[in-house]
**Q** 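Quick one: the structure is below, questions incoming.
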Protein chains: 2
Amino acid sequence: MRLQQTQLKGPSRIPSDPIQRAWIALGRVSQLVQCDVDNALKEAGLPELTWYTVLWELERAGKPTRPKDLAIPLFILPYQLSRLVDRMEKDGLLKRIECKEDKRGHLLELTPKGFTMRKQMWTVYAPAMDEALKRISDPEALELARLLNKLGGLEYPVQPKG
Amino acid sequence: MRLQQTQLKGPSRIPSDPIQRAWIALGRVSQLVQCDVDNALKEAGLPELTWYTVLWELERAGKPTRPKDLAIPLFILPYQLSRLVDRMEKDGLLKRIECKEDKRGHLLELTPKGFTMRKQMWTVYAPAMDEALKRISDPEALELARLLNKLGGLEYPVQPKG
DNA sequence: CTGTGTTTGTTGCAAACGCAACGAAATCTC
DNA sequence: GAGATTTCGTTGCGTTTGCAACAAACACAG
């Protein structure tokens with residue numbers, strides 16, 4: 001966890017009770033559901049969720065992609081991605097290929113094995129996600145997503161869909 | 001991230017679009033606001049949030065407490081707590097004292113330094129939380145908390161308040 | 001072209017983590 | 001009470017993380 005965000009430094013208030021409740025719920029519930037899905041993947045002997053997001057982002061791009069162009073949407077830091085790519089490359093899920101336009105870096109290219117792996121992960125990921133969120137209805141899910149996105153100041157709706 | 005949760009193994013459905021949107025938003029936004037608060041503490045040269053939760057839980061209890069009684073509300077595993085306590089004890093924020101009723105374990109006792117530290121962290125934590133969540137109103141925060149707690153199947157409203 | 005600053009990505013090191021194995025006390029069973 | 005089982009907490013070990021320092025390619029000013 002690193003990353004930075006706009007720091008407007010307001011008048012430094014104490015959070016209201018509703019804000020505190022939202023904060024607590026956000027922390028606990030996100031940890032809980034994250035855990036559920038992580039465990040499902042682990043029990044299936046598959047890599048963790050971060051790997052999926054990299055594979056999916058590469059697949060969505062449809063072409064070899066620069067690490068810096070992955071780091072932003074993935075919310076991860078360069079050095080984290082660097083080592084993540086090390087491991088994924090060692091597992092043969094992607095490979096670093098030359099980038100002729102900019103010799104500082106390289107391009108990340110999905111391998112067939114990487115493509116297969118992403119699909120296989122989805123067969124576990126999807127039901128696990130559905131299971132973890134099954135306590136709320138579709139309309140509630142939409143309202144939740146709306147509130148969260150407003151809270152985070154995000155619109156960017158990256159889909160895990162596969 | 002570990003912990004387990006009820007695994008009812010439903011019919012293994014693909015998550016609906018609203019569920020997927022909620023899932024994505026939850027992951028991204030929780031990471032974002034968590035990050036904001038973590039950074040605020042780090043910039044102030046203070047320990048991370050987990051330390052606060054331990055200190056606060058001990059303070060709330062009002063008496064020396066067994067590790068196992070902390071681990072559950074804190075959502076952390078025994079071995080994680082064990083090493084966390086190692087570090088906090090080394091920093092003099094709490095100490096392990098004998099437990100006469102059960103010689104396997106011990107009691108964790110908050111030190112004056114630990115008490116002071118928790119208060120000092122709150123002076124940074126509170127404004128950071130308020131800042132991180134300032135994009136939503138109080139009614140929205142309540143609705144968000146309600147949806148999240150429903151989603152997680154939780155009621156348990158632990159307060160960070162200090 | 002030369003020097004200065006920026007962008008892109010990697011790496012050495014110390015700290016922290018996850019897991020599985022462990023020891024010791026409590027508890028249960030006969 | 002002897003022996004098996006469970007609970008509570010710790011630890012060895014290999015992996016992963018965060019941070020700060022770094023190298024190399026680019027960009028740009030003169």
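All chains are named by letter (A, B, ...) in the order of the sequence lines, taking the proteins before the strands, and each is independently numbered beginning at 1.
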**Q** What is the distance, to the nearest angstrom, from the CD atom on B:Glu48 to the P atom on C:dC17?
**A** 6 Å

**Q** According to side chain to side chain donor-acceptor pair (under 3.5 Å), who are the partners of A:Ser137, at least two apart in sequence or on a separate chain?
**A** A:Glu140

**Q** Applying salt bridge (Lys or Arg N to Asp or Glu O under 4.0 Å), name anything that partners A:Glu109, two or more places apart in sequence or on another chain.
**A** none

**Q** In this structure, how many angstroms lie between the P atom of C:dT8 and the CD1 atom of A:Ile76, rounded?
**A** 15 Å

**Q** One pair to check against side-chain contact (heavy atoms from CB on, under 4.5 Å): A:Leu58 and A:Lys63. What are the steps and the verdict?
**A** CA-CA 7 Å; A:Leu58 282 179; A:Lys63 60 168 193 272; over 6 Å; no

**Q** Pull out every residue in residues 97-106 of chain A that has a heavy atom closer than 4.0 Å to any atom of DNA chain C, ordered by number, or say none.
**A** A:Arg104, A:Gly105, A:His106

**Q** Between B:Gln80 and C:dG18, is there a side-chain N or O to OP1/OP2 distance below 4.0 Å?
**A** yes

**Q** Nearest whole Å is fine: how far is D:dT6 P from B:Lys68 NZ?
**A** 17 Å

**Q** Does any residue of residues 81-88 of chain B have a heavy atom under 4.0 Å from DNA chain C, and if so, which ones, in number order?
**A** B:Arg83, B:Arg87

**Q** Can you measure B:Arg66 atom CZ to D:dG9 atom C1' for me and round it to whole angstrom units?
**A** 9 Å

**Q** Between B:Lys42 and B:Asp38, is there a side-chain N and carboxylate O pair less than 4.0 Å apart?
**A** no

**Q** Donor-acceptor pairs under 3.5 angstrom involving side-chain atoms of residues 91-98 of chain A: please list them, not counting sequence neighbours.
**A**
unit_1  : atom_1 : unit_2   : atom_2 : d
A:Arg96 : NE     : A:Glu89  : OE1    : 3.0
A:Arg96 : NH2    : A:Asp86  : OD1    : 2.1
A:Glu98 : OE1    : A:Lys100 : NZ     : 3.2

**Q** If you take all heavy atoms of B:Ala132 and B:Val33, which pair is closest and at what distance?
**A** O-CG1, 3.8 Å

**Q** Using whole Å, what does the distance between atom P of nucleotide C:dA15 and atom CH2 of B:Trp51 come to?
**A** 13 Å

**Q** Find the distance between CG (B:Leu144) and CZ (A:Arg21) and round it off to the nearest 0.5 Å.
**A** 13.0 Å

**Q** Classify A:Pro78 by what it touches in the nucleic acid, base, sugar-phosphate, or nothing, heavy-atom distance under 4.0 Å.
**A** base

**Q** Would you kindly give the CG-to-P distance between A:Asp38 and C:dC17, to the nearest whole Å?
**A** 16 Å

**Q** So, OP1 or OP2 of C:dT11: does either fall under 4.0 Å of a side-chain N or O from A:Tyr79?
**A** no

**Q** Does D:dT10 have OP1 or OP2 sitting under 4.0 Å from an N or O in the side chain of B:Arg96?
**A** yes

**Q** For B:Leu41 and D:dG18, give me the distance from atom CG to atom C1', rounded to whole Å.
**A** 16 Å

**Q** Connecting only ILVMFWY residues whose side-chain heavy atoms lie within less than 4.5 Å of each other, what is the rest of A:Leu142's hydrophobic cluster?
**A** none

**Q** For the pair made of CG in B:Leu77 and C1' in C:dA20, what is the distance, rounded to whole Å?
**A** 13 Å

**Q** For the residue pair A:Tyr125 and B:Trp23, confirm or rule out a side-chain donor-acceptor distance under 3.5 Å.
**A** yes

